[in-house]
4 protein chains.
Amino acid sequence: MFILNPQSGVPLYRQLLDQVRRMVSSGQLPPGTALPSIRDLALLHAINPMTISKAYSLLETEGLLERHRGKPMTVANQAAARPQLARRLQQVEPLLDQVVLAARQLEITEPELAKALHTKWEEADE
Amino acid sequence: MFILNPQSGVPLYRQLLDQVRRMVSSGQLPPGTALPSIRDLALLHAINPMTISKAYSLLETEGLLERHRGKPMTVANQAAARPQLARRLQQVEPLLDQVVLAARQLEITEPELAKALHTKWEEADE
Amino acid sequence: MFILNPQSGVPLYRQLLDQVRRMVSSGQLPPGTALPSIRDLALLHAINPMTISKAYSLLETEGLLERHRGKPMTVANQAAARPQLARRLQQVEPLLDQVVLAARQLEITEPELAKALHTKWEEADE
Amino acid sequence: MFILNPQSGVPLYRQLLDQVRRMVSSGQLPPGTALPSIRDLALLHAINPMTISKAYSLLETEGLLERHRGKPMTVANQAAARPQLARRLQQVEPLLDQVVLAARQLEITEPELAKALHTKWEEADE
DNA sequence: GTGGTCTAGACCACA
DNA sequence: GTGGTCTAGACCACA
């Protein structure tokens, strides 16, 4: 469900944070959905429960998740409607900036980059 | 010359490291080229000289840069030969993985993503 | 500087949170003031640094504190002017509610309670 | 009859514990009095019966309450004799400590605090 | 020196 | 079963 990469330099809790935000944004996690329990995620990804707890707590502070004593956390109601395409695109922009910067510094051309992206996309389909 | 973003979650020295590697890979920084002094970069980006020094030192250990007493560091000779496209593309792949993951979690379609990438690329031309 | 009571049933990080909020509210910690370092506080109160770090981080999220890489955290600028008496009183109200509830359940009269409060106040002067 | 506040940071069972203790201390719940059933309290406050059960059980261990199969719990006989004022005041002291600490950190003066307490007291009369 | 991230693991509160 | 709090301690990034 979530993809965590410990090598990337980005803290694990932040990777989780971003992914939950996106899946709520897209409607893949609609309001009311229960999130996987902290323990389950910790076991599954072999990371410490507190790392996940930290991400979940921050999302609660943000108002995106709701806590229910003794029950799983859920996506909040006001984590409303799936935003317009434009707003969702905004969330990928920082990454696109990094990609474009990297490609240009490597003197990769635009068609070469576009092709590489296409390949990655298709790989993800499998 | 370099673009550093303290908000991204990626450590500053690592951002610098990646960028130098890429510009050497692409031939934009050919062997013998002098790098900006630690002090200049520190002033320019308002960060601590030690952060830059750390990145430069790691690149020296890697054999990509050479240190010359009292003179600026330079790109090493054996850093030479611009690698094949395939090898340069490898360096952008981790970023492309992140982009594809993010886009899919946001339910952005491939054409929408391709278009956004194209826009970013053109913006960078200016 | 801070008074932490592990017996009270209130989590330590929350006690700290409340106390910093109040001292910023009152102007005892004016904008720009550096807070005691996490390590110092941890040693002083013999508690774990992460507990303090958690309180500080929440206050940063709240906008009350500012983080400075490699330097102590400070009271934020927008943690503006000392609020009116009314707003400061609001912050003690939940505690007064508890006191009044407790006293009435103990059948302590108002004058008895007022006297006890007065005594406590004077003790604190010493 | 009881006032429970899930936001206060103090565990629910502890709030209940304190309140029963006080009302027994004051004689508001004299020996022999039947307590509200666990089920009723749970419904009334919308909390889990086990939480109440835990508080009642602790009070039974303490000797303050007595369990009677198939009948409501009652206040124990030896719980008797309403204690002197001094002993009842002791039970509010921890709260008064918190109030005085909070007020002083907020730079609220003693008369201001006394007045606020008076107001709260009167509000409770209604 | 500063704060940040993460682990392993204990124990608590609540359903 | 759920999440929350706290500890002891390692190691990292930055000044």
Side-chain angles (χ1 to χ4, degrees), chain A residues 4 6 9-17 34-42 45-60 65-74, chain B residues 4 6 8-17 42 45-55 58, chain C residues 4 6 9-17 34-42 45-57 59-60 65-74, chain D residues 4 6 9-17 42 45-55 58:
Chain A
L4 300 179
V10 181
L12 293 174
Y13 82 91
R14 207 179 202 279
Q15 295 182 38
L16 191 52
L17 211 62
L35 283 135
S37 86
I38 291 182
R39 280 161 168 79
D40 284 356
L41 272 191
H45 293 100
I47 61 179
N48 191 287
M50 275 207 28
T51 303
I52 294 159
S53 174
K54 180 171 179 179
Y56 277 13
S57 295
L58 287 169
L59 289 164
E60 192 209 353
L65 298 186
E66 275 170 3
R67 193 191 329 183
H68 308 280
R69 297 192 176 205
K71 292 197 198 153
M73 298 189 79
T74 58
Chain B
L4 300 179
S8 80
V10 182
L12 294 175
Y13 83 93
R14 206 180 201 280
Q15 295 183 39
L16 191 52
L17 211 62
H45 292 99
I47 61 180
N48 191 293
M50 274 200 34
T51 303
I52 296 158
S53 171
K54 179 172 178 180
L58 285 168
Chain C
L4 299 180
V10 182
L12 294 174
Y13 83 91
R14 207 179 201 281
Q15 295 183 38
L16 191 51
L17 211 60
L35 283 136
S37 86
I38 290 181
R39 280 161 169 80
D40 284 357
L41 272 190
H45 292 100
I47 61 179
N48 191 288
M50 274 205 29
T51 303
I52 295 159
S53 174
K54 180 172 178 178
Y56 277 11
S57 294
L59 289 164
E60 191 209 354
L65 298 186
E66 275 170 5
R67 194 190 329 182
H68 308 279
R69 297 191 176 205
K71 292 196 199 156
M73 297 189 79
T74 58
Chain D
L4 299 180
V10 183
L12 293 175
Y13 83 93
R14 207 180 202 278
Q15 295 183 38
L16 192 51
L17 211 63
H45 293 99
I47 61 179
N48 191 293
M50 274 200 32
T51 303
I52 296 158
S53 172
K54 179 171 179 180
L58 286 168

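The sequence lines fix the lettering, A, B, ..., with proteins before strands; numbering per chain opens at 1. Please read all numbers here as calculations on a predicted model, not as lab measurements. Because only heavy atoms are used, hydrogens play no part in the values below, and waters and symmetry mates are left out as well, while side chains stay in.
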Practice prompt. Consider the side chain of Ile47(D), meaning its heavy atoms from C-beta on, and name the nucleotide among dA15(E), dG3(E), dA15(F) that approaches it most closely.
Written response: dA15(E)
Worksheet item: For dT5(E), does OP1 or OP2 lie under 4.0 Å from any side-chain N or O of Tyr13(A)?
Response: yes
Worksheet item: Atom NE2 of His68(A) to atom P of dG3(F): distance rounded to whole Å?
Response: 11 Å
Discussion item. With a cut-off of less than 4.0 Å, is there a side-chain N or O of Ser53(A) near OP1 or OP2 of dG4(F)?
Written reply: yes
Worksheet item: Side-chain N or O of Arg67(C) less than 4.0 angstrom from OP1 or OP2 on dG4(E)?
Response: yes
Worksheet item: dG4(F), dA8(F), dT5(F): which one has an atom nearest the side-chain heavy atoms of Pro11(C)?
Response: dT5(F)
Discussion item. Without decimals, in angstroms, what is the distance between Leu58(A) CG and dG4(F) P?
Written reply: 11 Å
Practice prompt. Taking all heavy atoms of Thr51(D) and all of Tyr13(D), pick out the closest pair and write down the distance.
Written response: O-CB, 3.8 Å
Worksheet item: Got a minute to check which stems DNA chain F is part of, using Watson-Crick or G-U wobble pairs under 3.5 Å, three or more consecutive?
Response: E:1-14 with F:1-14
Worksheet item: Given dT7(F), dG3(F), dG3(E), which nucleotide is nearest the side-chain atoms of Ile38(A)?
Response: dG3(F)
Fill in: Smallest separation among heavy atoms of Leu4(A) and His45(A), with atom names
CD1-CG, 3.9 Å
Worksheet entry | With Leu41(A), the side chain to side chain contact (heavy atoms under 4.5 Å, CB included) member among Pro49(A), Ser53(A), Pro36(A) | Pro36(A)
Worksheet item: Which sits closer to the 5' end of DNA chain E, Lys71(A) or Ser37(C), going by the nucleotide each is nearest to?
Response: Ser37(C)
Worksheet item: For dT5(F), does either OP1 or OP2 sit under 4.0 Å from a side-chain N or O belonging to Thr51(C)?
Response: no
Worksheet item: Minimum heavy-atom separation for Gln15(B) to Ser8(B), with atom names?
Response: NE2-OG, 3.2 Å
Worksheet entry | Of Ala46(B) and Arg39(C), the one whose closest DNA chain F nucleotide lies more 5' | Arg39(C)
Practice prompt. From the options His68(A), Arg69(A), Arg67(A), Met73(A), select the one residue that forms a side chain to side chain contact (heavy atoms under 4.5 Å, CB included) with Lys71(A).
Written response: His68(A)
Response to the item:
Atom CD1 of Ile52(D) and atom P of dA13(E) are separated, to the nearest Å, by 16 Å
Worksheet entry | Integer-rounded Å distance: dC14(E) P and Leu17(D) CG | 11 Å
Worksheet entry | Heavy-atom pair of closest approach, residues Thr74(A) and Leu35(A) | C-CD1, 4.3 Å
Worksheet item: Tell me: CG of Leu16(A) to P of dC6(E), nearest whole Å?
Response: 10 Å
Worksheet, complete the sentence: By nearest-nucleotide position on DNA chain E, the 5'-leaning member of Gly70(C) and Arg14(D) is Gly70(C)
Worksheet entry | Minimum heavy-atom distance Leu16(A)-Ala55(A), with the two atoms named | CD2-CB, 3.9 Å
Discussion item. My understanding is that only residues two or more places apart in sequence, or in another chain, count here; which of them pass side chain to side chain donor-acceptor pair (under 3.5 Å) with Ser57(A)?
Written reply: none
Item to complete: Ignoring the backbone of Leu12(D), work out which of dC14(E), dA15(F), dA8(F) is nearest its side chain.
Response: dC14(E)
Worksheet entry | Atom-pair distance (CE on Met73(A); C1' on dA15(E)), nearest Å | 16 Å
Fill in: Nucleotide dC14(E), atom C1' - distance to CE of Met50(D) in whole Å
7 Å
Worksheet item: What is the distance, rounded to the nearest whole Å, between atom NZ of Lys54(D) and atom C1' of dC11(E)?
Response: 11 Å
